[in-house]
Amino acid sequence: LFVRVDIHQGHVGYFRRTHVDHRRRLATLLIYFSDSEETGREGGDLVLHRTHLRVIRPPAVRIRPRRNLMAGFACSPVSYHSVPPIEAHSSPRNFVQIQLSSTVDAWVR
């Protein structure tokens, strides 16, 4: 197992389609350094989706970035998540992404 740390910045247009992470990833943690409410940012929330028999359902949880908030989730074949596009903001979406990964596939397709 190993840990990877990435520093990110999301500007207007940043988004992530609904997806699952690579089969070698076991867990993802996001630490936010900017606050959507304070800056008036539209979009950029972390959305965790419900699934049933691998069919994606409506969002189960929507996490609005706040300064010093850490959000984490386990990665699996059904841990679908997305980020709606950032449409307007007064500052970027600053965050660190920490990933616990394996050197081999940790879960099956």
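Worth knowing before you read on, the calculation uses all heavy atoms, side chains too, and leaves out hydrogens, waters and symmetry mates.
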Roughly how far apart are [X] [atom1] and [Y] [atom2], rounded to 0.5 Å?
X: T18; Y: Y80; atom1: OG1; atom2: OH; value: 9.5 Å
X: S36; Y: I86; atom1: OG; atom2: CD1; value: 7.5 Å
X: I7; Y: Q97; atom1: CD1; atom2: CD; value: 12.0 Å
X: D35; Y: R64; atom1: CG; atom2: CZ; value: 8.5 Å
X: H8; Y: R93; atom1: NE2; atom2: CZ; value: 9.0 Å

Between [X] and [Y], is there a shared hydrophobic cluster once you connect ILVMFWY residues whose side-chain heavy atoms come closer than 4.5 Å?
X: L26; Y: F2; result: no
X: I31; Y: Y14; result: no
X: L30; Y: V96; result: no

Mind checking side chain to side chain contact (heavy atoms under 4.5 Å, CB included) for R17 and listing every partner two or more places apart, or none if nothing turns up?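 R17 satisfies side chain to side chain contact (heavy atoms under 4.5 Å, CB included) with F15 only.
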Side chain to side chain contact (heavy atoms under 4.5 Å, CB included) filter on V3, not counting sequence neighbours, yields V5, I98, L100
Across all chains, not counting sequence neighbours, the salt bridge (charged side-chain N to carboxylate O under 4.0 Å, His left out) partners of D21 are R25
For D6, the salt bridge (charged side-chain N to carboxylate O under 4.0 Å, His left out) test, sequence neighbours excluded, returns R4
Side chain to side chain contact (heavy atoms under 4.5 Å, CB included) assessment of V20 paired with W107:
CA-CA 12 Å; V20 294; W107 36 276; 4.2 Å; yes
- [ ] Using atom types as modelled and distance alone, determine if a side-chain donor or acceptor of R24 lies under 3.5 Å from a backbone N or O of T103.
- [x]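 Answer holds: yes.
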Checklist line | Side chain to side chain, S34 and Q9, heavy atoms closer than 4.5 Å | finding: no
So ring-ring contact (aromatic ring centres under 6.0 Å, His included) across residues 18-38, not counting sequence neighbours, yields H19-H81
Could you go through residues 65-78 and list every donor-acceptor pair under 3.5 Å that involves a side-chain atom there, pairing it with any protein atom two or more places apart or in another chain?
unit_1: R67; atom_1: NH2; unit_2: E38; atom_2: OE1; d: 2.2
unit_1: R67; atom_1: NH2; unit_2: E38; atom_2: OE2; d: 3.4
unit_1: S76; atom_1: OG; unit_2: V78; atom_2: N; d: 3.2
unit_1: S76; atom_1: OG; unit_2: S79; atom_2: N; d: 3.4

